Number of protein chains: 2
Amino acid sequence: MSRTALTRDEVLEAAASLVKQHGPAALTMRKLAAELGTAVTSIYWHVGNRESLLDALVQRTVDEMGAIRPAGRTPADRILAVARILRRELRARPHLIAMVHERGLTERMFLPAQQALVHEVHAAGLRGARAADAVRAVQFQVVGYLLVERNRERAPAQSPAESELWDPAAAPHDPALARALARPADPDRLFLLSVRALVHALLTPDP
Amino acid sequence: MSRTALTRDEVLEAAASLVKQHGPAALTMRKLAAELGTAVTSIYWHVGNRESLLDALVQRTVDEMGAIRPAGRTPADRILAVARILRRELRARPHLIAMVHERGLTERMFLPAQQALVHEVHAAGLRGARAADAVRAVQFQVVGYLLVERNRERAPAQSPAESELWDPAAAPHDPALARALARPADPDRLFLLSVRALVHALLTPDP
DNA sequence: ACCTGAACACCGTTCAAGT
DNA sequence: ACCTGAACACCGTTCAAGT
């Protein structure tokens with residue numbers, strides 16, 4: 001009896017900390033045991049195995065995502081607010097998106113956001129199947145954007161970089177465009193611009 | 001001398017086949033060696049190590065993505081065609097997207113598409129930084145959508161499924177909307193709808 | 001009820017030795 | 001130039017044995 005009794009919560013806490021610091025790949029049962037000062041096999045008693053340990057971690061975070069109360073004057077503004085809130089929440093948990101997705105909990109995690117979107121789309125006057133399409137289009141766009149953004153951050157330096165691909169000679173007709181593409185993208189601005197454009201189109205009645 | 005001489009190409013071919021069938025995780029050096037009928041260590045002589053083997057595989061596929069020649073009457077139609085071509089190409093290589101991304105080659109792989117988009121956005125009258133934003137917004141949307149779609153397919157059954165989350169009681173004001181959200185999304189339709197909406201907004205001059 | 005070490009079947013990789 | 005088996009350091013997991 002070298003330490004106070006190990007608890008399941010203690011295991012989850014230590015595992016979450018390892019994942020947060022170095023990503024899910026760094027979470028090995030042996031390192032976790034070392035961190036906790038116990039034998040590897042004790043962990044199995046508390047959480048079953050590595051897979052259900054990760055499941056529990058993911059479930060925990062999904063539960064943390066509470067209701068979403070977007071601010072804004074118009075439905076379009078509030079949809080944009082939902083998108084920003086989602087982005088902020090997910091960026092605070094950088095390893096989570098992929099883990100949640102792999103475990104098939106994405107829809108569960110986005111339910112609060114989806115409900116907020118349904119509300120706003122309804123307020124904007126959309127009904128039935130058309131409203132459902134709008135909700136899903138926004139949801140896919142936001143989640144997709146976050147996946148791309150996350151992957152870009154995680155990826156090592158691109159080679160060749162966009163800056164090399166777009167030297168002015170590549171677009172002789174529009175050097176300003178070439179310069180703009182050679183500069184790194186501003187993810188914040190591009191996110192807002194994209195969502196705003198999509199929402200605008202979805203909420204505008206067809207001609 | 002139990003077999004004809006092993007070549008680097010032969011190794012890549014066998015590795016590609018393993019990845020295509022069971023995903024990158026199933027590609028172990030030992031299984032690959034068994035498949036080829038050689039000692040594990042022979043593979044190292046030809047390709048260095050597992051990581052550079054995967055690099056070579058990815059590089060190979062990136063090279064396969066040639067120029068993109070979209071058809072259509074208007075720039076908007078041709079941008080939509082670019083999006084469809086990208087979707088088709090990437091869906092033909094289901095394990096590739098993530099692998100390319102992890103290796104930081106996404107921008108390289110999308111260069112042909114990016115050039116096609118630049119051309120169309122220019123044809124639509126956009127210039128400079130505004131054109132660059134439009135190109136990137138479409139690119140992010142398409143890639144993001146494909147990542148989400150891919151993840152959905154790979155993910156096991158969601159629990160609870162959307163159908164359970166959206167029983168009619170959940171949206172008393174609009175039962176048609178609830179029914180639509182309870183049905184599984186049609187990824188084809190949603191993709192076209194989303195891209196069309198975004199492109200429409202990006203190409204329309206600001207009010 | 002909780003914890004342990006030994007053991008098993010898998011990895012990727014290195015290296016000295018062969019032809 | 002090419003191939004080999006032995007060996008190392010790592011995995012996740014099981015299990016019989018302890019308290």
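In what follows, every chain begins at residue 1, and chains take the letters A, B, ... in the order their sequences are listed. Please read these numbers as outputs of a predicted model, since none were measured by experiment.
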Quiz item: Do L181(A) and L177(A) come within less than 4.5 Å of each other through their side chains, counting heavy atoms only?
Solution: yes
Self-check item: Spacing of L6(A) atom CG relative to dC2(C) atom C1', expressed in whole Å
Solution: 9 Å
Quiz item: Can you name the residues that form a side chain to side chain donor-acceptor pair (under 3.5 Å) with R50(B), not counting sequence neighbours?
Solution: none
Quiz item: Is there a donor in the side chain of N49(A) and an acceptor in the side chain of S52(A), or the other way round, less than 3.5 Å apart?
Solution: yes
Quiz item: For R8(B) and dC2(D), what is the distance between atoms CZ and C1' respectively, to the nearest whole Å?
Solution: 15 Å
Quiz item: Looking only at side chains, do Q59(A) and D63(A) share a donor and an acceptor under 3.5 Å apart?
Solution: yes
Quiz item: Reading nucleotides 9-14 of chain C from the 5' end, what letters show protein touch, with B for base, S for backbone sugar-phosphate only, - for no heavy atom under 4.0 Å?
Solution: --BBBB
Quiz prompt | Listed once per pair and sorted, the side-chain hydrogen bond (donor to acceptor under 3.5 Å, both in side chains) pairs that draw on residues 127-149 of chain B, sequence neighbours left out | solution = E162(A)-R136(B), R189(A)-D133(B), R87(B)-E149(B), R91(B)-E149(B), Q114(B)-Q139(B)
Quiz item: What is the distance from CD1 of I43(B) to C1' of dG5(D), rounded to the nearest Å?
Solution: 15 Å
Quiz item: Can you tell me if the side-chain N/O atoms of H46(B) get under 4.0 Å from OP1 or OP2 in dC3(D)?
Solution: yes
Exercise. Return the value, rounded to whole Å, for the distance between atom CH2 of W45(A) and atom P of dG5(C).
Key: 18 Å
Self-check item: Where at least one partner belongs to residues 22-34 of chain A, residue pairs that pass side-chain hydrogen bond (donor to acceptor under 3.5 Å, both in side chains), sequence neighbours excluded
Solution: none
Quiz item: Side chain of T61(B), backbone of L57(B): donor and acceptor closer than 3.5 Å?
Solution: yes
Quiz prompt | side chain to side chain donor-acceptor pair (under 3.5 Å) against R69(B), all qualifying residues, sequence neighbours excluded | solution = none
Quiz prompt | Consecutive Watson-Crick or G-U pairs in runs of at least 3, all under 3.5 Å, in which DNA chain C is involved | solution = C:4-8 with D:12-16, C:12-16 with D:4-8
